[in-house]
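Heads up: the structure comes next, in structure tokens.
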Number of protein chains: 2
Amino acid sequence: MAVSPSRLDTPEPKPRNTARQQVDEAIRTALLTGRFIPGKAVTLRGLALELGVSPMPVREVIQRLAAENALEIRQNGRVQVPQMTPQRFDEILKARLLLEPELADMALPLLTKADANALEEIDSKIDASLGTGDAESYMRYNRDFHFRIYRSSRSEILLPLADSLWLQFAPYMRTVYGRVGTVNLVDQHKEAVRAIRNHDATALRLAISKDIEDGMGILGRAGLLDQ
Amino acid sequence: MAVSPSRLDTPEPKPRNTARQQVDEAIRTALLTGRFIPGKAVTLRGLALELGVSPMPVREVIQRLAAENALEIRQNGRVQVPQMTPQRFDEILKARLLLEPELADMALPLLTKADANALEEIDSKIDASLGTGDAESYMRYNRDFHFRIYRSSRSEILLPLADSLWLQFAPYMRTVYGRVGTVNLVDQHKEAVRAIRNHDATALRLAISKDIEDGMGILGRAGLLDQ
DNA sequence: TTGCAAATTTTGTGATCACAAATTACCACT
DNA sequence: AGTGGTAATTTGTGATCACAAAATTTGCAA
């Protein structure tokens, strides 16, 4: 008998490094850290030039992000970062409150002491960013904090859904921070870490829920009155 | 004064008819009605030939669907319809139970008597399809039934998330129906219509939840033992 | 018949080009 | 200076090509 693969699926030899993946990561990071302003036009050739590739991989990535509602393709074909609306904002908040506590709940049994320490480390960087008013760093570390938890869940379904949500509200939140600053920001990260250390599912769900509301609740809607 | 657009956004003149949209719709419908078998390889040139277009628009659509986890791009670049796994199945079920009752709840105030009648019409077609054992028609009409409700919510966030979920489980469910048939299928559609007519939010949520469990609960996991 | 290696084909990736539609720039005219 | 129309530019779309990697087929030898 042969020692052939025990599974008839996923041999998955070696990860290839395509230009598309680089472009994808670059644009996603830019969206998540708020380097794209809502309403701002995005052009294929512009991004391609900026990233040093041909328009080809950019086209594919834009389609990807448009499918996740992170970019908007108008009917004239032009691409832009979607504008936030009160309805969209409320729905994103609702969806986050449905999905993210669930993800945290799934992750909890898999979270180790090392994870808790790493989360504490990230949280201290968040505090540092808030102190210096560096909104871009804050957004990156805040994202890291949440998805360090969620990713531990090994979720294949809920995790991509949450990913899509973050891509949708991040650019807008960046504009809010630019307007009202970051000094008033509060979060429930220390409570979350404590809940993880105590293996307390109820407390973790509550911390995540409250954290989402802290981030988007009062502060968030404030910016929607004008624009 | 001018009669110019009252909003400073979205003039959106006329919808363009691109090859990409046609390809997108064709492949989505094929996935939702189970014409693609999980694990089946999908090739750019093959689809392009089949749909009478160049590989170009197919590439973009595949990227879109891959971003929604409706197609899987392996690390060697090959594309296939994702295989179902017990974990994925359970998570999809969980996600549906989180999102779809909420969508129905949002839709309820906007649903009219005409909607209820249309839903009843669709449900009769479902019964007809079940009678003749036409799984493909069943899947199309069942999809129509659910999204006729959900779409009424005018949701911009939760609706695309639910869309992604349906694309992920539809191909697998088709294989289940092919194995065990459709005669044993039960649903809660009549209860849902009744709840809509009575403007009973609690009853509608319950009907949707039970309907999801009827469709995926016992029957669904049965097929996961082998493959 | 079986195992293995070379050759052929298939496939995704990235780049370039042509084209049409939309946007922007420009300039004459009132 | 404001306005209207035309020209120039920009932009997304679709097609084709070259290339490399992977999968498949073929052919030869044990």
Side-chain angles (χ1 to χ4, degrees), chain A residues 1-5 7-27 36 39-67 70-82, chain B residues 1-5 7-27 36 39-67 69-83:
Chain A
M1 56 188 171
V3 287
S4 59
R7 295 287 177 279
L8 51 102
D9 50 2
T10 65
E12 298 301 336
K14 52 173 175 270
R16 295 202 305 176
N17 197 8
T18 65
R20 189 208 309 143
Q21 289 167 6
Q22 297 176 14
V23 172
D24 191 273
E25 195 179 327
I27 300 182
F36 284 171
K40 177 190 155 193
V42 165
T43 65
L44 293 182
R45 290 171 176 87
L47 282 177
L49 198 65
E50 197 173 329
L51 298 171
V53 296
S54 88
M56 204 60 249
V58 178
R59 282 170 70 168
E60 297 185 324
V61 170
I62 284 182
Q63 292 300 321
R64 283 186 149 268
L65 292 168
L71 290 177
E72 181 183 1
I73 301 182
R74 314 269 296 267
Q75 284 188 321
N76 58 10
R78 301 300 159 93
V79 183
Q80 68 174 41
V81 184
Chain B
M1 56 192 169
V3 288
S4 59
R7 295 287 176 279
L8 52 101
D9 50 2
T10 64
E12 298 299 338
K14 52 174 176 268
R16 293 203 305 176
N17 198 7
T18 65
R20 181 179 63 226
Q21 288 167 8
Q22 297 176 13
V23 171
D24 192 272
E25 195 179 326
I27 300 182
F36 284 172
K40 177 188 155 193
V42 165
T43 65
L44 293 181
R45 290 171 176 86
L47 282 177
L49 198 66
E50 196 174 329
L51 298 171
V53 295
S54 89
M56 204 61 246
V58 178
R59 282 170 70 168
E60 297 185 324
V61 170
I62 284 182
Q63 293 299 323
R64 283 186 149 267
L65 292 168
N69 293 299
L71 290 178
E72 182 183 1
I73 300 182
R74 313 269 295 267
Q75 284 188 321
N76 57 12
R78 301 300 159 92
V79 183
Q80 67 173 41
V81 184
Q83 299 267 18

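As the structure is a computational prediction, the values presented were derived from the model and not from experiment. Just so it is clear: chains get the letters A, B, ... in the order the sequence lines come, proteins before strands, and each one is counted from 1.
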Expressed as a whole number of angstroms, how long is the span from A:Asp24:CG to C:dT13:P? 12 Å
Rounded off to whole Å, could you give me the CD-to-P distance for the A:Gln75 and C:dA21 pair? 16 Å
Within residues 45-59 of chain B, those residues having any heavy atom closer than 4.0 Å to DNA chain C are B:Arg45, B:Arg59
Once you round it to whole Å, what is the distance between P of C:dT11 and CG of B:Leu71? 16 Å
Roughly how far, to the nearest 0.5 Å, is CD of B:Gln63 from CG of B:Leu71? 10.0 Å
In this structure, how many angstroms lie between the C1' atom of C:dT11 and the CZ atom of A:Arg20, rounded? 13 Å
Please determine whether a side-chain nitrogen or oxygen atom of B:Asn76 lies at a distance below 4.0 Å from atom OP1 or OP2 of D:dA23. yes
Contact summary for B:Gln80 and B:Gly39, nearest pair of heavy atoms: OE1-O, 3.9 Å
B:Thr43 has a side chain; which of C:dG12, D:dT13, D:dG12 sits nearest to it? C:dG12
Provide the full list of salt bridge (Lys or Arg N to Asp or Glu O under 4.0 Å) pairs with a residue in residues 41-59 of chain A, sequence neighbours left out, each pair given once. A:Arg59-B:Glu60
CG on B:Leu65 to CD1 on B:Ile27, rounded to 0.5 Å: 6.0 Å
Considering all heavy atoms of both residues, which atom of B:Ser54 and which atom of B:Val58 are nearest to each other, and what is their separation? O-CG2, 3.9 Å
Gap between atoms CD and P, on B:Gln21 and D:dT13 respectively (whole Å): 9 Å
A:Arg74 CZ - D:dG12 P separation (whole Å): 12 Å
Whole-Å distance separating the CD atom of A:Gln22 from the C1' atom of C:dT13: 13 Å
Measuring only between side-chain heavy atoms, which start at C-beta, is B:Ile73 closer than 4.5 Å to A:Arg20? yes
So how far is it from A:Leu44 CG to A:Arg78 CZ, rounded to the nearest 0.5 Å? 10.0 Å
Is there a side-chain contact between B:Arg78 and the phosphate of D:dA22, meaning an N or O under 4.0 Å from OP1 or OP2? no
I need the CD-C1' distance between B:Glu60 and D:dA15, as an integer number of Å. 12 Å
